[in-house]
Structures are given as structure tokens and as C-alpha cells.
Protein chains: 2
Amino acid sequence: MVKSKNEAEIAILTAAKSIFSVKGKDGATMQEIANEAGINKALLHYYFRNKDLLFEEVFLDAVKKFHPILKNAIEQEVDLYQKIHQICEAYITMAIDNPFVPVFVLSEVNKQPELFIQKMFGGDLPDFPKLAAQIKREVSLGNIKPIHPQQLILNMMSMCVFPFVFKPIFIIGMQADKELFNQLMLERIKAVPHFIIDSIKI
Amino acid sequence: MVKSKNEAEIAILTAAKSIFSVKGKDGATMQEIANEAGINKALLHYYFRNKDLLFEEVFLDAVKKFHPILKNAIEQEVDLYQKIHQICEAYITMAIDNPFVPVFVLSEVNKQPELFIQKMFGGDLPDFPKLAAQIKREVSLGNIKPIHPQQLILNMMSMCVFPFVFKPIFIIGMQADKELFNQLMLERIKAVPHFIIDSIKI
DNA sequence: ATTTAGTTTAACCGTTTGGTTAACAAAAGT
DNA sequence: ACTTTTGTTAACCAAACGGTTAAACTAAAT
């Protein structure tokens, strides 16, 4: 069964993405990925020299896509309310389109934080301190209620990302199904910013 | 070097907890745990027959402690605002005292959701639907702003738990340190309920 | 037609890993 | 005193795993 150019490589990346995302880097095996991709295990090593490189490829492929979007949303020079809308939309939309990324990132980042963040952002993290400064300014101008900027940022990030790692528990605990979950996530693109702004507006 | 009764067992559990929590079930090795515990690898299998059982023991030990507290906080028959305070306090306090549990649970639950939740709650999940009903009632009575109960619950859970899995990214991204992080978490016991109530109160 | 370069596979290899065995030491029970 | 139970270890084993090799197949280039 000869595949046309690149077909095997794509099959590998797809399989690896799907398996790494549920089993993690350590839980997945090369054999398993090869099976899922419908190719021989040696071909994995032909295209991607070893497990680490395959993992990095899959991971960076997933992460680098939305990194500029998030960075842009966080650093843009706009009104705070508008910025909250943009950040939430960026994060939630990203997570809807790549639901495995959050659980992926949060599982691995807790194993080797510095190394992982280095690979993920390459010293180019979104400028959270700048966002914190903007919030602080709005508070001192009396435009929003007093709140610690870092708490507000944590709240926002939490509400955007957490549901996607919490999904299995939520579905079982709420006796919901995937369709309802997806619908709720779509609603959250608007609902989360409104919830935040309702809380901080004077 | 003979240890007094139970000493080895405790050393094993402590070591396993610490290693499982950062490396996950698959990333950790029995040898590693034995070394950390300062005992022979065979002794692991003497006390805990195999890796799965050791993991389960460690995990249940961590989880079962606070399960009744959470369940109680969620199902208690009190005023909604009071209940929000209780739930947030229960979750955040638990996470402060056992910071490894959230990352632990969320990493593993996404691998085998049903099985894991079964082991975790044993068919005795907190009654989230009941909480949802209470929220719905308050909305229809006009006591709080209109909001989908499930969204409110997601928001609350997110803000309580997420910071603990997000910690490494937050510390690096915010140029913070562990002390600041811990202080922020203590503040959140009160800050999160206030943030929520500010958002939903009329 | 033959070479050449790229692709794919089966079989193999060395290590690591989870787990076992058998022997030994200490305590407890008689 | 001695037997049994419990705790502990070093050495070992089989399986799984990541990775390699060498050969076969394909298709385009010469």
C-alpha cells in the first residue's frame, strides 16, 4: 500500500495528535501511534527521528497557531472592556477549535514548567504585566470597581480555559452530553466577558 | 535498616504522591518512587501489589478526604449567596492544602473519564443539578440577574480550581513568585465569591 | 535499461520497566 | 526455645518499549 507524497506524514501527525492528547507524552507509545496511522513503526522514526521530536512537532504545531492571536489580543491598545471581549473570544474560540490543546498544555507544563514554557513561547509570552497595568489604571481612575489586577486576569483565564479540561466531569456530573457542552462553549464567547464586566462595572 | 511499623508504607505513599503528582501515572516509575522513599523496589510490591493499585491508593487517599466536604457544600440547603461562599471556600481551601490534586485529577480524568470518575466518586457525585435548579429558581424569582445555571456553575468551578493548574504559566508570565501566588490564592477564598456575587446581584 | 533517491517494511537489538523469587532478618506468638 | 508471621533486600525475569538495520519496493532521472 503505497501512499502518495506526504500522506504518511500527515497520517502520523494526525494519529500522534489524537493519541498524545488523551494519553499524554508518556502514556502514548510509538507502536500505538503507528497503528493508528496505519503505517509501520519504523516509519515514525524515518519522518520524526524519535518520540521527543514527534511530540514537539505535534505540540508546537498545535500551539504556535494561536499564540500570535492571544498575544495580539492581550497587547492591543484598546479600551479595557473591548480587550476583555477580545481575549475571551480568542481563548474560547481557540479551545473550541482545538479542544485537546488545553488539557495537553496543562498536563505537560506541570512536569517541566520552565523548559515547556520556553518551547511554547520562546521567550515571547503575552505581556500580562501590561494588561495588569491597564486594569490598575482603570481602577485608580474609578472606571471599574477595585480589584487586584492579577485576580481579574486569573478569573478571566480560568473561565475561558478551565471548562475544556473539566469537560468529562462536567458532562457526567451535569448529566449533559457533548452537544450541550459545545453549545455552552459557544455561548461563553459572549457570556464570559459579560459576566466579568457585570462584576467590575460601577 | 529496619524501620518501625508502618514507617515504610508512609514513606512510600509520600514519595508516590510527590512523584505521581508531577510526572503523572505513566511518567513515574516504580524504581523512582522506591528511591525517593528510601526503600527497595520490591517493597513497593509487597505493600501495594502493583503500580495501578499504588496509584489508586495515592489518588483516593487524596481525593476522598475532601469529597464529602465538597458534596456537603454543594448540597446544603442554604441561601444561594451563602452557598457560593461555602463552595468556593471548600474548593480553594482544598486546593491550597493539596495543590497537586487538581493537576493530578484533571490530567488523569481526561484519559479514562468514566472509569476515573467512577473510582473518584463511586456514583456519589455532588448534586450539581440540584444546585442548577436553585440558581434557576433565584433567576425566575428575579433575585439575581438572568444567567444560565450551568454557565454560573462553570464560572465558579473554573475560578476556584483553574489557578492551581495554571500556576507555572502564571508565575512565569506574571513574573511572580510562589509566595505571591499563595497569597493570591488565600485572597481568592473571599475574592472569588465576591466577584461572582457582584456579577449576578441585581 | 539502469541508476538513483525516496519510501516502506519485517526483523532485530539494547534498555527500561513492572513484577517475581528466594533468601534473610526481626518480631510476635506459642 | 522454637515456630510463624511480617518486613526487607538483592538478584532475576519477561514483556514492552524506543530505536536501528538492512533489505525491498516505487518512481522518477539518466
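Below, read A as the first sequence line, B as the second, and so on, with proteins coming before strands; counting in each chain starts at 1.
- Between A:D61 and A:K64, none of the side-chain N atoms (NZ, or NE/NH1/NH2) sits under 4.0 Å from a carboxylate O, so this pair counts as no salt bridge.
- The interatomic distance linking B:I39 (CD1) with D:dG7 (C1') rounds to 11 Å, in whole Å.
- Within 4.0 Å (heavy atoms only), B:F48 reaches no atom of the nucleic acid at all.
- Residues A:Q31 and A:N35 have side chains that bring a donor and an acceptor to within less than 3.5 angstrom of each other.
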Spell out protein contact along nucleotides 10-20 of chain D as letters: B when the base is contacted, S when just the sugar-phosphate is, - when no protein heavy atom is under 4.0 Å; keep the 5' to 3' order.
-> B------SBBB
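- Not counting sequence neighbours, B:D177 has no partner by the side-chain hydrogen bond (donor to acceptor under 3.5 Å, both in side chains) test.
- If you measure from atom OH of A:Y47 to atom C1' of C:dT9, you get 13 Å, rounded to the nearest angstrom.
- Ring planes of A:F104 and A:F55: tilted class, angle from 30 to 60°.
- Residue-environment remark: NE2 (A:H67) exceeds the threshold of 12 foreign heavy atoms within 6.0 Å.
- Going from atom CG of A:L43 over to atom P of C:dA11 covers 17 Å, rounded to whole Å.
- In this structure, the CG atom of A:N35 is 11 Å from the P atom of C:dA10, given to the nearest Å.
- Residue pairs meeting the salt bridge (charged side-chain N to carboxylate O under 4.0 Å, His left out) criterion with at least one member in residues 115-135 of chain A, sequence neighbours excluded: A:E56-A:K119, A:K71-A:D124, A:E77-A:K130.
- Contact annotation for A:Y46: base contact, defined as any heavy-atom pair under 4.0 Å involving a base atom.
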